[in-house]
2 protein chains.
Amino acid sequence: MDQPLHQRDRSTPPSAPGAPARAASCFASRLERYAKLNDDEFRFIARMEDNETAMPKGALVVAAGTPAEELFVLKEGWAVARRTLPDNRGQVLRVYLPGEVIGLTGLGLSRNAHDVVMLTSGTVCPFPNAHMTAIYDKAPRVAALFTAISGLDQVSLMDRLAVMGAGTARERMAHFLLDLHERLLVTNPDLGRRFRLPLRQVDIGEVLGLTKVYVNRMLKAFTEEGLIEIHRPYVRILKPEVLRDLAGYENRYDDVDHSWFPAASRNDL
Amino acid sequence: MDQPLHQRDRSTPPSAPGAPARAASCFASRLERYAKLNDDEFRFIARMEDNETAMPKGALVVAAGTPAEELFVLKEGWAVARRTLPDNRGQVLRVYLPGEVIGLTGLGLSRNAHDVVMLTSGTVCPFPNAHMTAIYDKAPRVAALFTAISGLDQVSLMDRLAVMGAGTARERMAHFLLDLHERLLVTNPDLGRRFRLPLRQVDIGEVLGLTKVYVNRMLKAFTEEGLIEIHRPYVRILKPEVLRDLAGYENRYDDVDHSWFPAASRNDL
DNA sequence: CGTCCTCTTGACGGCTTTCAATAAAAGTGG
DNA sequence: CCACTTTTATTGAAAGCCGTCAAGAGGACG
């Protein structure tokens, strides 16, 4: 994030022709975990990934203040939404993992509220906001699914706010590690307790509102206490229960309610 | 919030028969500020306020962990979403003002994520989640409007997260005062710079992640610097620009994008 | 007029930051 | 594959913002 920000690279490697196989993508597999979709609905969703765009590390995917014209499905790599405050202090507002949607938040706004920056190289799939019209009109079930996911995001954000407001550095760090782990498990259920964490300690500091020095001290403490194990860039969670108690962490990603979803889509596309 | 929490009072004073006049409520007037609605659409929304329930100060509107079965339109009074952490520390996740919707966030979850407590006495209008089905099915424009509002809420939450993570006590306080003021202006455009703030200093502390002692010191400092004026329970903002610079505050509530909303509702209710 | 709640103010202490310097790791070019 | 450079991680010492503790003042309400 200290690197110069590259311009967006629009080169689109011609994606495989024809509809992709079901569940070919981390995005679709994430959605299907939350609700069964019929073929028509799946077609709407597949369309969101038609356009792949490669992004180098450090690239600015979304620039704050510019017109908000598209969403992005993050297909590979990690990204962050970030805000720079007056004094050059930065705060990471959200970490985006593969399979998550960037910009769902800002659907209601005409300008992008925050920067979104690639933490690693990766690929995103831009999807014009304008296409949402058809989804709301013709695939209400998919629309409801987006609403549900947006709600999940928001609850997760509120949990984070709680730990940022009332929590100590230890609690924030524990929450951070557990939350990333749980979210990685959503699209990657057979991931063990070890995962790749492509953030520098400075970056973790910007997520948690701590300095890099203190981040280092917390990580050292956790390691010495046998709670985690670090082999850069991999982290292994050794005592999830202890961390969970420490942070008061609660997993929200398993608890989707689709009872109120419209029964099925109209087929008049 | 230190008071014992009352049980929810289900006594429903028989509301005026027939549909309420358009824009009779702060909720409808807030929605209409964001998008024009036709009569059918308006009927859906009016239905959300059919059921008024009086709430005493301190009442628990939503209990964390219980099944999430309804949304609430907050018609009168103020409320907060609140989380209690292990050590009895509390964090207010959000302040709800009249005209705002409680529980839109949790639409995707089957259990309520957080408590919601009345700060003052007031009235709420419960609205079963199940009724959202019809809205998504038959009034996609209204559904889109909810999505947009939920997005606004989330962006506002992210701004708050930024100031909680990277901001000092002064900056948090400035942000808090400005944000409340802007949000009150949404449903009450001719409100001046003076408004009623029905929170004790302890409560403000729970919003900002500060102790009541430090809240008191910040308010004193602001007053002495001529930034605000306090005549309990009223606050007047004397130098909005200075506060705005201090907090890096940006008003998001004026910037709704409805370009992607479906053109009009189907009329087949 | 007394009780309770909230606000106010001071002194002290601790968690976290800041400053600074070194070590380790990662990237670069020969 | 090895010097060299740059970035990142590590560690110590001192300072600061904010929390804790405690006591008193002011208001609301019966």
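Just so you know, these numbers use all the heavy atoms, side chains as well, and skip hydrogens, waters and symmetry mates. None of these values were measured; they are calculated from a predicted model. Throughout, a chain's letter reflects where its sequence line sits, starting with A, and its residues are numbered from 1.
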Item to check | Value rounded to 0.5 Å, distance of OG1 in A:Thr105 from CG in A:Leu71 | outcome: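 With rounding to 0.5 Å, OG1 (A:Thr105) is 9.5 Å from CG (A:Leu71).
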Next on the checklist: Nearest 0.5 angstrom please: A:Glu76 CD to A:Met55 CE, how far?
Outcome noted: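 CE of A:Met55 is found 12.5 Å from CD of A:Glu76.
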Item to check | Terminal helix-axis angle for the helix from C:dC1-D:dG30 to C:dG30-D:dC1, with five pairs defining each axis and rounding to 10 degrees | outcome: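 What I find for the helix from C:dC1-D:dG30 to C:dG30-D:dC1 is an axis angle of 50°.
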Could you give the [atom1]-to-[atom2] distance, from [X] to [N], as a whole number of Å?
X: B:Lys212; N: D:dA23; atom1: NZ; atom2: C1'; value: 13 Å
X: B:Gln91; N: D:dG19; atom1: CD; atom2: P; value: 12 Å
X: A:Leu199; N: D:dT7; atom1: CG; atom2: P; value: 19 Å
X: B:Arg89; N: D:dC18; atom1: CZ; atom2: P; value: 18 Å

Check salt bridge (charged side-chain N to carboxylate O under 4.0 Å, His left out) between [X] and all other residues, then give those that pass, not counting sequence neighbours.
X: B:Arg252; value: B:Asp159, B:Glu250
X: B:Asp87; value: none
X: A:Arg111; value: none

Item to check | Of A:Leu178, A:Leu208, A:Val163, the residue whose pairing with A:Met173 passes side-chain contact (heavy atoms from CB on, under 4.5 Å) | outcome: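 Between A:Met173 and the candidates, side-chain contact (heavy atoms from CB on, under 4.5 Å) is satisfied uniquely by A:Leu208.
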Enumerate donor-acceptor pairs with a distance under 3.5 Å from any side-chain N or O in residues 187-198 of chain B to protein atoms, sequence neighbours excluded.
none

Expected rows: protein N/O vs nucleotides 15-17 of chain C N/O, under 3.5 Å:
unit_1: C:dT16; atom_1: OP1; unit_2: A:Ala169; atom_2: N; d: 2.9
unit_1: C:dT16; atom_1: OP2; unit_2: A:Tyr214; atom_2: OH; d: 3.0
unit_1: C:dT17; atom_1: OP1; unit_2: A:Thr211; atom_2: N; d: 3.4
unit_1: C:dT17; atom_1: OP2; unit_2: A:Thr211; atom_2: N; d: 3.3
unit_1: C:dT17; atom_1: OP2; unit_2: A:Thr211; atom_2: OG1; d: 3.2

Next on the checklist: side-chain contact (heavy atoms from CB on, under 4.5 Å) for B:Glu100 and B:Arg30? Distances and angles first, verdict last.
Outcome noted: CA-CA 8 Å; B:Glu100 297 184 340; B:Arg30 195 165 86 102; 4.0 Å; yes
Item to check | Flag, side chain of A:Asp115 to backbone of A:Ala63, donor-acceptor distance under 3.5 Å | outcome: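 No; zero donor-acceptor contacts below 3.5 Å.
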Item to check | Partner set under ring pair (Phe, Tyr, Trp, His ring centres under 6.0 Å) for A:His175, not counting sequence neighbours | outcome: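 Ring pair (Phe, Tyr, Trp, His ring centres under 6.0 Å) list for A:His175, sorted by chain: A:Tyr249.
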Checklist entry - Residues in ring pair (Phe, Tyr, Trp, His ring centres under 6.0 Å) with B:Tyr253, at least two apart? => result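 By the ring pair (Phe, Tyr, Trp, His ring centres under 6.0 Å) rule, B:Tyr253 matches no residue at all.
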Item to check | Partner set under side-chain hydrogen bond (donor to acceptor under 3.5 Å, both in side chains) for B:Thr123, not counting sequence neighbours | outcome: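 Per chain and number, B:Thr123 pairs via side-chain hydrogen bond (donor to acceptor under 3.5 Å, both in side chains) with no residue.
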Checklist entry - side-chain hydrogen bond (donor to acceptor under 3.5 Å, both in side chains) with B:Glu225: which residues, sequence neighbours excluded? => result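 For B:Glu225, the residues satisfying side-chain hydrogen bond (donor to acceptor under 3.5 Å, both in side chains) (neighbours in sequence not counted) are B:Arg170.
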Checklist outcome for this item: Reading nucleotides 25-30 of chain D from 5' to 3' and marking B where a protein heavy atom lies under 4.0 Å of the base, S where only the sugar-phosphate is that close, and - otherwise, the string is ------
Item to check | Distance test, side-chain N/O of A:Gln201 to OP1/OP2 of D:dT7, below 4.0 Å | outcome: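 For D:dT7, neither OP1 nor OP2 has a side-chain N or O of A:Gln201 closer than 4.0 Å.
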Checklist entry - Does A:Asn216 make a side-chain N or O approach to OP1 or OP2 of D:dT10 shorter than 4.0 Å? => result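 True: A:Asn216 side-chain N/O within range (under 4.0 Å) of D:dT10 OP1/OP2.
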Checklist entry - Under a 4.0 Å heavy-atom cut-off, which of residues 219-231 of chain A touch DNA chain C? => result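 None - not one residue of the stretch has a heavy atom sitting under 4.0 Å from the strand.
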